[in-house]
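Reviewing the structure listed below.
Note that the numbering runs from 1 along the sequence shown for the chain.
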Amino acid sequence: MPGRAKIGAAILAVATVIAVVAVAWLGHERADERRADVYSEFPGATDTASTRAPRYDTEYPAIGYSTTQPEGAIADLEARLARGELKLGFDGGRGYLDSVLAALGIGIESQVLVFSKTSFQAESINPENPRAIYFNDDTYVAWVPGGQGLEIATLDADLGPVFYTVAQEQSAEPVFERKLGECLSCHDSYSLTGGGVPRFITGSGYTDVDGNIAAHEGWILTSDRTPLRSRWGGWYVSGHHGSQVHLGNIAVHEVAELERLEELRKGNLDDLDTVLDTSAYVSNRSDIVALLVLEHQVRVQNAITRASWDARTLLAGPGGKAPDTDVAARVREIAEPLVEALFLGGEAELTDEIRGTSGFAEAFMQRGPRDARGRTLRELDLRTRLFKYPLSYAIYSRAFDALPDAIKQRVFTRIEEILSGADTSASFARLTPADRVAIAEILRATKPEVGLPEVGL
């Protein structure tokens, strides 16, 4: 049938993007397929609870993920609460959301809205009641109107992604409950990359008016490498993107409607007031620039986590002892995906100017650090690419600094090779000579431990 052939071709075109997967948190999984395997997050949740342990292709005894006390943003917040330096307020409408965001320093301009049923609170999520996600450089907070709890994920410098929930019930001492098997049933990487490494997840797929995935063949994992036209299915998107198209703001009644995909597209919106009642939320936007930064950030964070876990396991050797053999080749292999992620290797090209309307872009660029000329790796381009100086600001993160020295030194060596022009391979070919000079100068001023020479770059 011609109509079904067109749908199949459209789905196949989107599905091929999965070949350029970079994975990230935020709960985008095939909700109805994963329910039977998921753990119940909250008392009374409708999904079937599972009691089996998470499955791994490779064990990581050198990490101690489940037995090590996490550090980072939530641990710091818990310590402030314990010392009485902070008290979380409870609002009848949004519960602990507003006070948790303020305590973590997460701005409301970062709000993005997802309406696919891709959360433990799936029954509460649909296009009329999307899940809101707020984030900064290391922490993500998700909230569903009428939901049972906040979902929080943060990047621990040693453990990688760590997951928590906070019940939306007023308490003198709200508890940040760490989740292991419940979240790792989806958020470890055995299903794609092998190795049981916790990951963040973002994705895109055709979504129906109930929030269910309408066509599984078209659901993909997304990153900064995914073409815009294949991103944000199941998400709301506000902001301007010119002639470029995406899959945001679309909910279909049946898969046959995808034959009219071009007619269904809704883009270049100042806000979401024409497509959604946003009165319950802290903002009426789901900012396109925030979405772009989010997908880049989680790609790099996953690359940092994988490099950390693999290198620490390698360097510990069998039985936790230092290896007897030369591991330089393996270190080079482990470090390279991180180097490519830092330089946005394979980044999808922008073909028209992107402009957000929530204030996210302005707030993001203000955070620095900057060199003497006021330049920062956080400066956005949004015309042909995401960043003006395409080396990720994640190089300043605690997680990057906590990498084993062997990996950091290899990354620093590769940065020098790339910025000097010694390496112009495909992953870095889009860097112009001016880009290389500017990035080198910014790094010398803001990250001197990279050790770039003053001449030759």
Side-chain angles (χ1 to χ4, degrees), residues 22-27 39 41 54 56 58-82 100-101 103-106 110 133-142 150-166 175-190 193 195-202 294 296-316 334-335 337-338 341-342 392-408 411:
V23 290
W25 179 70
L26 305 174
Y39 293 76
E41 280 283 349
Y56 299 105
T58 303
E59 296 293 345
Y60 285 81
I63 306 304
Y65 183 81
S66 62
T67 57
T68 301
Q69 184 66 31
E71 299 180 355
I74 300 303
D76 293 345
L77 176 56
E78 289 178 311
R80 292 166 62 196
L81 290 169
V100 166
L101 293 179
L104 293 171
I106 298 177
S110 69
I133 296 167
Y134 309 85
F135 68 98
N136 60 15
D137 287 3
D138 57 21
T139 303
Y140 309 85
V141 177
L150 300 180
E151 300 166 83
I152 302 175
T154 191
L155 187 67
D156 182 283
D158 291 322
L159 300 180
V162 180
F163 305 93
Y164 301 85
T165 59
V166 180
V175 175
F176 290 77
E177 182 179 359
R178 185 182 176 191
K179 295 295 182 178
L180 293 167
E182 297 94 330
C183 293
L184 291 179
S185 61
C186 288
H187 288 285
D188 81 27
S189 297
Y190 68 79
T193 59
V197 179
R199 57 176 176 158
F200 298 128
I201 301 170
T202 54
L294 171 66
H296 164 71
Q297 178 170 294
V298 291
R299 175 190 176 186
V300 179
Q301 289 174 338
N302 285 337
I304 290 172
T305 300
R306 189 58 188 255
S308 175
W309 282 43
D310 283 351
R312 287 157 62 193
T313 298
L314 171 72
L315 298 172
I334 291 170
L338 173 55
L342 287 169
S392 181
Y393 60 94
I395 198 169
Y396 302 118
S397 67
R398 287 193 290 181
F400 181 88
D401 288 341
L403 284 167
D405 286 342
I407 294 295
K408 281 195 293 185
V411 171

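- The distance from the CG atom of Leu77 to the CD1 atom of Ile152 is 7.5 Å, given to the nearest 0.5 Å.
- Here the side chains of Tyr393 and Gln297 are in contact, with some heavy-atom distance below 4.5 Å.
- Put simply, CG on Leu315 and CD1 on Ile407 are 7.0 Å apart, with the number rounded to the nearest 0.5 Å.
- Summarising the geometry of Ala62 relative to Arg312, their closest heavy-atom pair is CB-O, 4.1 Å, with the distance given to 0.1 Å.
- The CG atom of Asp158 sits 9.5 Å away from atom CG of Leu403, with the distance rounded to the nearest 0.5 Å.
- Nearest heavy-atom pair across Arg178 and Val162 is NE-CG1, 3.5 Å.
- Between Thr154 atom OG1 and Leu159 atom CG the span is 11.0 Å, to the nearest 0.5 Å.
- By the 30° and 60° cut-offs, the orientation of the rings of Tyr65 relative to Trp309 is tilted.
- In this structure, CZ on Phe400 lies 7.0 Å from CD1 on Ile304, to the nearest 0.5 angstrom.
- Using a 4.5 Å heavy-atom threshold, the side chains of Leu294 and Tyr140 count as touching.
- In this structure, Ala75 and Pro70 approach most closely via the heavy-atom pair CB-O, 3.5 Å.
- The closest side-chain heavy-atom distance from Val411 to Leu342 is below 4.5 Å.
- Here the shortest heavy-atom pairing between Leu155 and Ala399 reads CD2-CB, 3.6 Å.
- With hydrogens and angles disregarded, a donor-acceptor distance shorter than 3.5 Å links the side chain of Asn136 to the backbone of Leu104.
- Of the possible polar contacts, none joining the Arg398 side chain to the Asp138 backbone as a donor-acceptor pair under 3.5 Å is found.
- Under a cut-off of 6.0 angstrom, the local environment of CD in Glu71 is sparse, with at most 12 non-hydrogen atoms contributed by other residues, nucleotides or ligands.
- Residues Pro161 and Thr305 have side chains in contact (heavy-atom distance under 4.5 Å, counting atoms from C-beta outward).
- Remark: Asp137 engages Arg367, Arg378 in a salt bridge (charged side-chain N to carboxylate O under 4.0 Å, His left out) (not counting sequence neighbours).
- Shortest non-hydrogen contact noted between Ala303 and Ala341 is CB-CB, 4.0 Å.
- In this structure, CD on Gln301 lies 9.0 Å from NE2 on His296, to the nearest 0.5 angstrom.
- Across all non-hydrogen atoms, the minimal contact from Asp401 to Lys408 is O-NZ, 2.8 Å.
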